[in-house]
Amino acid sequence: MSKASAQPRPDLSGRRAPLATGRAAGHTPAPPLWLCLGLPRLPLEVRSGGCDDDDARIIVDPAGRVVRASMLAADNGVAPGLPLNAALALCPGLVVLERDEAAERDALARLAAWAGAFTPLVSLVPPAALLLEVRGSLRLFGGLDALRRRIREVLRSTGHACREAVAPTPLAALWLARAGQAEAIMDPAALASRIGALRPAVTGWPEATLTALRSLGVESLADCLRLPRDGFARRLGRGPLADLDRALGRIPDPRPAFRAPPRYHGTLELAAESADTARLGRALHALFAELEGFLRARQRAVNRLTIRLTHLRRPATELVLGLVTPGLEAAHFDALFTERLERLVLPAPVISVVLEAVPGEPFDPAIVGLFGDEPGTAAGLQLVERLRARLGHDAVHGLRLLDEHRPERAWRVAEPGIDTCMTPPAGGLRPGWLLESPRPLRCREGRPWLDGMLLIEAGPERLEAGWWDGGGIARDYWVARTSAGARLWIFRALPDAGAEAGEERWFLHGIFG
Amino acid sequence: MTSIPHDLLDDPRLWRAGRQGRHWPTLSSGYPELDALLPGGGWPAAMLTEIAVERWGSGELTLFMPLLARLSADGHTCKAGWIAWIAPPFLPYAPALAAAGVDLSRMLLVRGRDAGETLWAAEQALQSGSCRVVLAWTGRADGRQLRRLQLAAENGRTPLILFRPPSALAAPSPATLRISLVGGAEGACLRLVKHRGGASRSLPIALLQER
């Protein structure tokens, strides 16, 4: 019988071949664990920022075939691979967009930079997948489930549809992600059976190879694994054989690590021209979330963000968001942008948003106090930012003293919270309120008048200063009381004070509130 | 004779003459006479206080200087807490504040272009919980806006001192304490217009002596 006499030849399932990962335990480092993020809708996403999939739209390649269809279009039967004519026949109101592969590459690179927040080793799998080596990150993020949940949440908030899979080898993770199998493979021994259940199409092998496999009656990768190695290599080439070996961990599969650019530059095209601030906010949130990952991967924070809102046939609107202390949280950026947007008048609808940031100083998360209970330091600075974002930078400030005798120059606006540690100047009584500039008072019979005769309570205090820098003053200051009881700080300009001497000799300069 | 249901007596909305208890936390004003006058012995610590000022220069800042000095000095030890000035009518004069012992590094001056921005900024400052006290000046504010501020003050546990024109006293307000400063040739007089549980009293400001 041929069955009995046949020499047992090694088959692809590797029952006789030793597994590369099956080394003696105990002295080896923990085997790697790969998380693959597949982004099946990336072509659609890069061309419809801030959009909720609310219309039927498709992306077509230069040859006029559908690459990706939105939910609504897919419901009407438009599927990838259809010619454009057929798609339009199925769904007449279709919005047709050309594929923008450069934007997809950029978006994938930005997502890779974002994913750097979760692991030091991120690898690109163009056109639309990322591989993350997460074994070393599990403890930090509280286990695989917590890590995956976190990644999913951020991706959902940024409008990316994602399929993720986890396996001990990168290729297995990639194939599982393409097949949409989310259940993680933790044990290398389980690889063969789980991979075997996949259809050959997930491998991304050339169409000719897949056709050849179909003609052999191969329906799943398990069927492939049952084929003899030498015959498989002869008929289908060394490439697919090596792929299977890599997926099963029999030969090493090193992956190049992604290196992020030194600065962040993100662009997102809006689905349609829009002046809707909610939509702009959503689009920018996606970029802010990417930026946060980008910054976390570097442990850097930013001081300022530059946002450009581009319009059709009009120069772009540029916004600069300044942060009081360096920050990196997307939620914080969101809040600042929302405040800023409220007082912004858009000159025209926006077609795309651009976010740029240069990582600045190292992020210092130790702003909280020794016991973590001092309230307000961070909140206080965030309050300043919030107020400034809505009211404008100059509308919020602090105060500081200057060593100067002229009353209007004895103080200055300053950044809030700057400690000048200056002792108050010696001198006479000073009023709590100062007028922006001295207000001339009327005189009757040589006495100052404001709603009645002013009653002098104290004075004079002579201030004569500044003759050396051209802004000289020579004044006698008095404390006066109006007939209604308000106490005022008034002065009489001395006759030799050139510039401010006019008909009016008496001025109101302050109020004792 | 039937007895009054007990839970009715405990309802905070029910005010009974002669009962002084149930006071809210307060901050000493720094003036013993004023503390004696104010219900609870000071400014409400996490509520809205409205002050109607007839004329600037009636002592409206003097009333608060000891409090501001103390709050800003406290702030130094735990490095927290702005003293927020929202839409003041004039420039708070730094040398005078410094002379009164106020730490200038805790000052946060905010200019609003209109009443809406002023109230918004005040609410933000209260809610952030990062201010020791919020001083705000506004003419127009309706009951709904005042209620929002009162709530924000309670949530942020921050006192809000709202300076209003005297005409504002005509409208009802959810403020815990309403005070009016009435000018006179001999100096302004402070009068309690509304406070929970107490009769109307007044005090000449010129008599205040800091402790």
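Just so you know, these numbers use all the heavy atoms, side chains as well, and skip hydrogens, waters and symmetry mates. First the proteins, then the strands, lettered A, B, ... as listed; each starts at 1.
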Shortest non-hydrogen pair, P431(A) vs A96(B), comes out as O-CB, 3.1 Å
Q | Under 3.5 Å: donor-acceptor pair, side chain of Y93(B), backbone of P407(A) | A | yes
Whatever's closer than 4.5 Å to a heavy atom in chain B on R412(A) counts as neither
Across all chains, not counting sequence neighbours, the side chain to side chain contact (heavy atoms under 4.5 Å, CB included) partners of L429(A) are R487(A), F512(A)
Counting heavy-atom pairs under 4.5 Å with chain B, the top scorer among G392(A), G398(A), A395(A) is A395(A)
CG (L104(B)) and CZ (R400(A)) are apart, to the nearest 0.5 Å, by 10.0 Å
Closest non-hydrogen atoms of I511(A) and G57(B), given as atom of the first, atom of the second and distance, are CG2-CA, 3.2 Å
Verdict with reasoning, L399(A) to M107(B), per side chain to side chain contact (heavy atoms under 4.5 Å, CB included) = CA-CA 6 Å; L399(A) 288 179; M107(B) 296 293 114; 4.2 Å; yes
| query | Under 4.5 Å between any side-chain heavy atoms of V384(A) and W82(B), yes or no? | reply | yes
Minimal heavy-atom distance between P89(B) and W433(A), with the atoms involved, is CD-CH2, 3.8 Å
Bottom line for L109(B): the part with an atom under 4.5 Å from chain A's heavy atoms is both
Of E415(A), E436(A), R481(A), H397(A), the largest count of non-hydrogen pairs under 4.5 angstrom with chain B goes to H397(A)
- request: Mind running side chain to side chain contact (heavy atoms under 4.5 Å, CB included) on L108(B) and L383(A) for me, showing each step along the way?
  value: CA-CA 10 Å; L108(B) 184 68; L383(A) 171 67; 4.1 Å; yes
| said: Any non-hydrogen side-chain atom of V110(B) less than 4.5 Å from a side-chain atom of L391(A)? | reply: yes
Applying a strict 4.5 Å limit to non-hydrogen atoms, the region of R386(A) in contact with chain B is both
Quick check against the 3.5 Å criterion: does T62(B) have a side-chain atom that pairs as donor or acceptor with the backbone of G513(A)? yes
Contacts of R111(B) meeting salt bridge (Lys or Arg N to Asp or Glu O under 4.0 Å) (sequence neighbours excluded), chain-then-number -> none
Whatever's closer than 4.5 Å to a heavy atom in chain B on V413(A) counts as neither
Interatomic distance, CZ@F90(B) vs CG@L435(A), rounded to 0.5 Å, equals 5.5 Å
Exercise. Check step by step if side chain to side chain donor-acceptor pair (under 3.5 Å) holds for W120(B) and E339(A).
Key: CA-CA 12 Å; W120(B) 175 83; E339(A) 298 298 350; 4.6 Å; no
Flag yes if more than 12 heavy atoms outside R406(A) fall under 6.0 Å of its CZ atom; otherwise flag no. yes
